[in-house]
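Below: one structure, written as structure tokens.
Per chain, numbering begins at 1; letters A, B, ... match sequence-line order.
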Amino acid sequence: MSKATADTGPPIAPNSDSDVPEQVGVRKEKRSRLLESGKDPYPVQVPITDTIAAVLADHPDVPAGEMTGTVVAIAGRVIFARNTGKLCFANIHSGAGDAIQIMLSLDRVGADELAAWKSDVDIGDHVWIRGEVGASRRGQLSVFADEWGYAAKALRPLPVAHKELNEETRVRRRYLDLIMSPDARKIARQRVETLASLRASLTGRDYLEVETPILQTLHGGATARPFVTHMNAYDIDLYLRIAPELFLKRCVVGGLERVFDINRNFRNEGADSTHSPEFGMLEFYQAYADYNDMARITRELIQEAAQRVCGTLLVTHVDGSTHDLGGKWPEVRVYPALSAALGQEITPQTPSAELVRLCEAVDIKIDPNWLPGRLVEELLEHHVVAKFTGPTFVRDYPVDTSPLVRDHRSEADVVEKWDLYVGGFELATGYSELVDPVIQRERLLAQAQQSARGDVEAMALDEDFLEALEYGMPPTGGVGMGIDRLLMALTGLGIRDTILFPLVKPS
RNA sequence: GCACCGCUAGCUCAACUGGCAGAGCAGCAGACUCUUAAUCUGCGGGUUCGGGGUUCAAGUCCCCGGCGGUGUACCA
């Protein structure tokens, strides 16, 4: 059963630990052997002098076969190795993906170290080497090792470098995706850049970044089904926030007139390529602004983010398609746009029965409890939104589906609300906020009644919020924008690729 | 939620109408001082997602369950 053919060294017997794969057993055996021989496979520190990126940058043009005289010590993960009799090649890369070739030759490291390298180093190991920078005979920039050691030994083999990891492994073990895929590394950084851009854009406009509670005693600020948890000390149920809105408005009441919160929201609903149960959200509120101002600022925030993250307003998606986020974006109004698309006049007064008929004509499934505004929104999605090509604002929504928005200043039964559609999905929504405490109370009471009728998404009646409004909130514009969705709009990725660790069912 | 497809070695994938479970890379042993998906020789590596059933015989067919993907419905 063991391999008895070797005559130059003992074969490495797979670790007898029963359930580990053969290759893990072999690597554990190597680890033990290193420890016994006094070589630390996991040193606390390694004597590096340079990053791989710096070595690459400092030596852009070394002629084939020439040495530079510069000695460096670098560390990286072995991603590819080629051993010949007395000369070994390996490619190591940094976390950022900068890769450089290293060479170990008999005449520089000696027979023992060369043999140790060949027998013990596996693809996936972190190693350090010290040596002279030069170029191989084929012209490949390389570090010619005089000395080497481990930075951290890997016990598991890396996936094959030249095949795509399957979707499930990429999501469940994101660290492998990050090791193997430049795109995964790129999107992780693009997310950071996007957040930094939004913060810079808002703080540059005199906004304060505030933090609002995730654990809430009431769920409000959006129509969505919340997660429920329990606090033992007070013996009460708490909700994970579905939106920060009501707290940000309390800030505005309190005189923090420009506030934003970049936050994580939780909604106990479906998950698909555009929805995650926890998702990133930016909300910002500005006193003495209305929904027109907020639309302009939103466009500027997105364009500034595109410029910073992609370097251009003509962004390229992963499928190669390009999308122009530049210029001003078209605006359409809900009722006129729907009327034009249908070839018949639709107004806030159009009876439910007629809206139901129009829905049924195009096979939109409807719920008998839906208010007319909801039917209008469904028709809008089907007839208008589905035909958008570039970023588009849709504005002036029906009142009965927007309980936190103020009535339109000149039109009856619509509210000053817009939705911004980019790439086929809703990226942001903005309001002229409802600040009249009496009307707000009526709207929330209606929500509470819907809730009592069994609507799990209806907002709770938040007395504390209503009382805050009664102290007077200045006229205010507000916006909510999906962070993950902004990444999606910039890159064309699915939502789970924009989140490092999206929720996945345990396997 | 519903429909369809998938799950096989560490990874990526094969396996015909049910008939000895395979390849490439990775691993082990050997050779090789200029490779770069190195090459050459040899060798190991499997609870075929889990459970049940049909059958002389199941990766394959049937049933139940799990996870994933795609489409579809709803929420952002």
Residue among A/L198, A/T298, A/V259 satisfying side-chain contact (heavy atoms from CB on, under 4.5 Å) with A/F284: A/T298

What's the gap between B/G51 and B/U60 when it is taken at their P atoms, as a whole Å value? 13 Å

For the pair A/D177 and A/R185, find out whether any cationic side-chain nitrogen is under 4.0 Å from an anionic carboxylate oxygen. no

Less than 3.5 Å apart, any donor N or O on the side chain of A/T212 or A/R241 sitting next to an acceptor on the other? yes

Without hydrogens or angle criteria, can the side chains of A/Q101 and A/R82 be said to hold a donor-acceptor pair below 3.5 Å? yes

With respect to the side chain of A/V26, which nucleotide from B/A26, B/A76, B/G27 is positioned closest? B/G27

Does A/Q140 reach a base, just sugar-phosphate, or nothing at all? Heavy atoms under 4.0 Å. base

What about A/W148 and A/W128, are their ring centers closer than 6.0 Å? no

B/G1: pairing nucleotide in any strand, Watson-Crick or G-U under 3.5 angstrom: B/U72

With no hydrogens and no angle check, just 3.5 Å: does a side-chain donor-acceptor pair link A/S105 and A/D107? yes

Closest of B/C25, B/U33, B/G45 to the A/E22 side chain is B/G45

Taking the side chain of A/V160 as its heavy atoms from C-beta onward, which of B/U33, B/G68, B/C25 lies nearest to it? B/C25

Between A/E300 and A/S201, do the side chains contain an N or O donor and an N or O acceptor separated by less than 3.5 Å? no

Could you let me know what B/A29 is paired to, Watson-Crick or G-U wobble, both distances under 3.5 Å, or none if it's on its own? B/U41

Roughly how far apart, to the nearest Å, are B/C5 and B/G42 at atom P? 42 Å

Of the listed B/U36, B/C32, B/C67, the closest approach to the A/E168 side chain comes from B/C67

Give me the distance, rounded to whole Å, that separates B/C25 from B/U36 when you measure between the P atoms they each carry. 14 Å

Given B/C11, is OP1 or OP2 found less than 4.0 Å from the side-chain N or O atoms of A/K163? no

Considering only side-chain heavy atoms of A/L87, which listed nucleotide, B/C34, B/G27, B/G24, is closest? B/C34

Between B/C74, B/C11, B/C67, which nucleotide has the shortest distance from any of its atoms to the side chain of A/R173? B/C11

Looking only at side-chain atoms of A/Q101, point me to the closest of B/U36, B/C28, B/G68. B/U36

Hey, are A/K249 and A/E433 close enough for a salt bridge, meaning a charged N less than 4.0 Å from a carboxylate O? yes

Could you state the CD1-P distance from A/I102 to B/U36, rounded to the nearest angstrom? 17 Å

Please give, in whole Å, the distance from B/C67 C1' to A/R496 CZ? 11 Å

Applying the 3.5 Å cut-off to both distances, the Watson-Crick or G-U partner of B/U17 turns out to be none

Distance between the P atoms of B/C11 and B/U48, in whole angstroms? 15 Å

Of the nucleotides B/A26, B/G68, B/G45, which one has an atom closest to the side chain of A/I123? B/A26

Using a heavy-atom cut-off of under 4.0 Å over every strand shown, decide if A/L165 touches base, sugar-phosphate, or nothing. sugar-phosphate

Does A/K30 have a side-chain nitrogen or oxygen under 4.0 Å from the phosphate oxygens OP1 or OP2 of B/C28? yes

Does A/S276 reach a base, just sugar-phosphate, or nothing at all? Heavy atoms under 4.0 Å. base

Would you kindly give the CZ-to-C1' distance between A/R225 and B/C74, to the nearest whole Å? 12 Å

Distance check needed: B/A37 C1' versus A/I79 CD1, whole Å only. 11 Å

Complementary nucleotide of B/U36, counting Watson-Crick and G-U pairs under 3.5 Å: none

Near-parallel close stack of A/F279 and B/A76 base (under 5.5 Å, under 30°): yes

When you get a sec, tell me which of B/A76, B/C34, B/G68 is the closest nucleotide to the side chain of A/F144? B/C34

Under 4.0 Å, counting only non-hydrogen atoms across every strand here, what does A/M103 touch: a base, just sugar-phosphate, or nothing? base

Please tell me which of A/H162 and A/L106 maps to the more 5' nucleotide of RNA chain B, matching each residue to the nucleotide holding its nearest heavy atom. A/L106

Can you tell me the Watson-Crick or wobble partner of B/A23, both distances under 3.5 angstrom? B/U12

The Watson-Crick or G-U wobble partner of B/C7, with both key distances under 3.5 Å, is B/G66

Heavy-atom donor-acceptor pair, A/E167 side-chain to B/G68 base, under 3.5 Å: no

Before accepting this row, confirm whether a basic side-chain N of the pair A/D125/A/K153 lies closer than 4.0 Å to the acidic partner's carboxylate O. yes

What's the gap between B/A9 and B/C4 when it is taken at their P atoms, as a whole Å value? 26 Å

Does a side chain donor of either A/Y291 or A/D396 reach within less than 3.5 Å of an acceptor in the other side chain? yes

Could you give the CZ-to-C1' distance, from A/R267 to B/C74, as a whole number of Å? 13 Å

Mapping A/E269 and A/V121 to their closest nucleotides on RNA chain B, which lands nearer the 5' end? A/V121

For A/E29 and B/G45, what is the distance between atoms CD and C1' respectively, to the nearest whole Å? 17 Å

How is A/R156 classified with respect to the nucleic acid when contacts are heavy atoms under 4.0 Å: base, sugar-phosphate, or nothing? nothing

Check whether any side-chain nitrogen or oxygen of A/N166 sits under 4.0 Å from OP1 or OP2 of B/G69, and answer yes or no. no

Please measure how far the P atom in B/G27 lies from the corresponding atom in B/G71, and state the result in whole Å. 37 Å

For the C1' atoms, the ones on B/U54 and on B/C62, what distance do you get once it is rounded to whole angstrom? 7 Å

Need one value for A/Q23: base, sugar-phosphate or nothing, where a base atom within 4.0 Å counts as base even if backbone is also close, heavy atoms only. base

Between C1' of B/A73 and CD of A/E378, the distance in whole Å: 10 Å

Name the closest nucleotide to the A/D107 side chain, picking from B/U33, B/G10, B/G27. B/U33

Could you tell me how far apart A/W418 (CH2) and B/A76 (P) are, to the nearest whole angstrom? 14 Å

Measuring only the C1' atom in each nucleotide, how far is B/G45 from B/G18? A whole number of Å is fine. 27 Å

May I ask you to say what A/N83 touches in the nucleic acid, namely base, sugar-phosphate or nothing, with a heavy-atom cut-off under 4.0 Å? base

Strictly by Watson-Crick or wobble contacts shorter than 3.5 Å, is anything paired with B/C61, and which nucleotide is it? B/G53

